[in-house]
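Residue numbers run from 1 in the order of the sequence given. Just so you know, these numbers come straight off a predicted model, no measurement behind them.
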Amino acid sequence: MNADNDIQQMIAEKIGAICRETHLTGQTQPEAVGMMIASGDYPDIIAGGNSTKQLIEAGALIPLDEYWDDYPNLKNFTPDVQKEFLRQPDGHIYVFPQGELYKKDMTVNAAEAFWIQAKVLEWDNYPEIETLDQLFDLLERYTKENPTLEDGTSVIPYTILCYDWYYFCLENPPQFLDGYPNDGCCIVDPDTHKVIDYNTTPTAERYFRILNEQYNKGMIDSEFMTMSRDEYIQKLSTGRVLAMCDQYWNFSDAEKAMISAGMTGNCYVPLGLTIDPGMSEQYFTSTNALSSVDGIGITTSCKDIDGALQYLNDMLDPDIQTLLQWGVEGVDYLVDDEGMFYRTDEMREKAMDPAYKTSHLCSLQLRCGYFGMNLDGKNAAMPSEQPSEFFETLQPEVQRAFEAYGAKTYPDMLDYTFIDATEAPWYPMWTFANGFSTSTEGGMAWKRVADMKHEYLPQVVIAKDFDSAWAEYLEKYNECNPQAYLDELQQEVYRRIKIVTGVDESGN
């Protein structure tokens, strides 16, 4: 932002304080935090990301819970169940998350799903597609009648990114097909609370068998095993790829390239597939619990702790939140008779202009804020997530697909699920698994299993004899001592259950 940014100045006049942010340049997060800890010199307020734990252990942060009674917006920002996840062994809470869900997730961009080009759905008059079998049936029929693009390039019915850590595009689907949310490292039986590797289930075997059959029929990209992520994005950008499973954020640049090239019908629409028809799915979920220590805190170097707390507290005022996210009423957005926010085409264009953003719109990040709904309980917290605003930005072919299925946003195409922490306190487990290291037996087993899956699961897809390849994969899997990491995951499930419910199911 410019130093005299309009909205930042308006906020300063309202609350009596201004924040000057410094962002990392030329250093990694661990390097920067390490240097701060070594010198003992910190900024007043810090968002330490994955290094937050190191800041706490170094005694760099003040205990917020000793102060927050005088700052109700800040104290009430985080639900009690989430506070317990943030509480440290000494009983104190040193950080708050920077983002907190209010009422309902309004996110317009889905995360992981099966994605299919809008023009393929339109060709078949927008059929109901619930299962992977139905998806490939449509792809096969479409490809038979439309084997090439207009320029004569052959289409690719389905591709799979399995390069480096992006191989989640290959190995994640069994958990979704079985109706589970994205725990990222396992599935947790909601009744028994047992941890299961979703790449060893009967659904996983069916999923990989389907991929194997489709690969041997020529329906799956023959280059999927060897292409890099850049090659994958380039391939999608040509419009040749009819469908894939991926996270939206991973391929959105390819969509932009297709739109620029005029291939708007090749843009993708998400499908929440299950292994059998009639099942519920949980591709798009949100929760009210945070299971990791990562957030914003006030350091021991701060000379005005009350001032810093008051600043964070005031930034959570409803009017300030709207100023930060939407801008100035009458200038950046309008309000209709029902209290719904909207923008004109001119306002949308200005909001995209870099000069206007730096001079007028306020992009302060060193603060706490709400996402999901606006605090008025009607609108989205930010314009990009307002369903009516988002729909206007879509290409006509995608709009027609959404209207055919009664949707306004990508998540509307899926079954939105709110996962209450009191019912599933372990979710999401990836917040624990992402911290696995080779310092424990489970961490070593986790790495061995990941390396083995990366090597063998693509081979299962291309095998001439699926049963033999699957048996070999399971044999190699068991050689990695998977029980070691499953046991660590299981103990973490029990730990989180105890935090929320007070019940210890570990038997220890």
Stepwise salt bridge (charged side-chain N to carboxylate O under 4.0 Å, His left out) test for K447 and D451: CA-CA 6 Å; K447 185 179 187 308; D451 290 343; 2.9 Å; yes

Residue of the set L64, D314, D70, I45 for which side chain to side chain contact (heavy atoms under 4.5 Å, CB included) holds with L309: L64

Test: D80 and K83 ion pair at under 4.0 Å: yes

Aromatic ring pairing F436/F432, orientation class (parallel under 30°, perpendicular over 60°, tilted between): perpendicular

Plane angle bin for F251 and W115 - parallel if under 30°, tilted between 30 and 60°, otherwise perpendicular: perpendicular

E66, CD atom: more than 12 neighbouring heavy atoms under 6.0 Å: yes

Expected output: side-chain D336 to main-chain M340 donor-acceptor under 3.5 Å: yes

R348 and D345 ion-paired at < 4.0 Å: yes

Intermediate values then yes/no, side chain to side chain donor-acceptor pair (under 3.5 Å), N250 and Y232: CA-CA 10 Å; N250 190 37; Y232 167 79; 5.1 Å; no

Aromatic ring pairing W426/H193, orientation class (parallel under 30°, perpendicular over 60°, tilted between): tilted

Aromatic plane relationship, Y248 with Y410 - under 30° parallel, 30 to 60° tilted, over 60° perpendicular: tilted

Side chain T322, main chain D319, donor-acceptor under 3.5 Å: no

Audit row: K256, D253, salt bridge (charged side-chain N to carboxylate O under 4.0 Å, His left out) steps and yes/no: CA-CA 5 Å; K256 294 174 185 176; D253 285 344; 3.8 Å; yes

Verdict with supporting geometry, S286 and Y416, side chain to side chain donor-acceptor pair (under 3.5 Å): CA-CA 8 Å; S286 60; Y416 170 66; 2.5 Å; yes

Parallel, tilted or perpendicular, as decided by the 30° and 60° cut-offs, for the rings of Y102 and Y370: perpendicular

Side-chain ion pair, R495 and E492, N-O less than 4.0 Å: yes

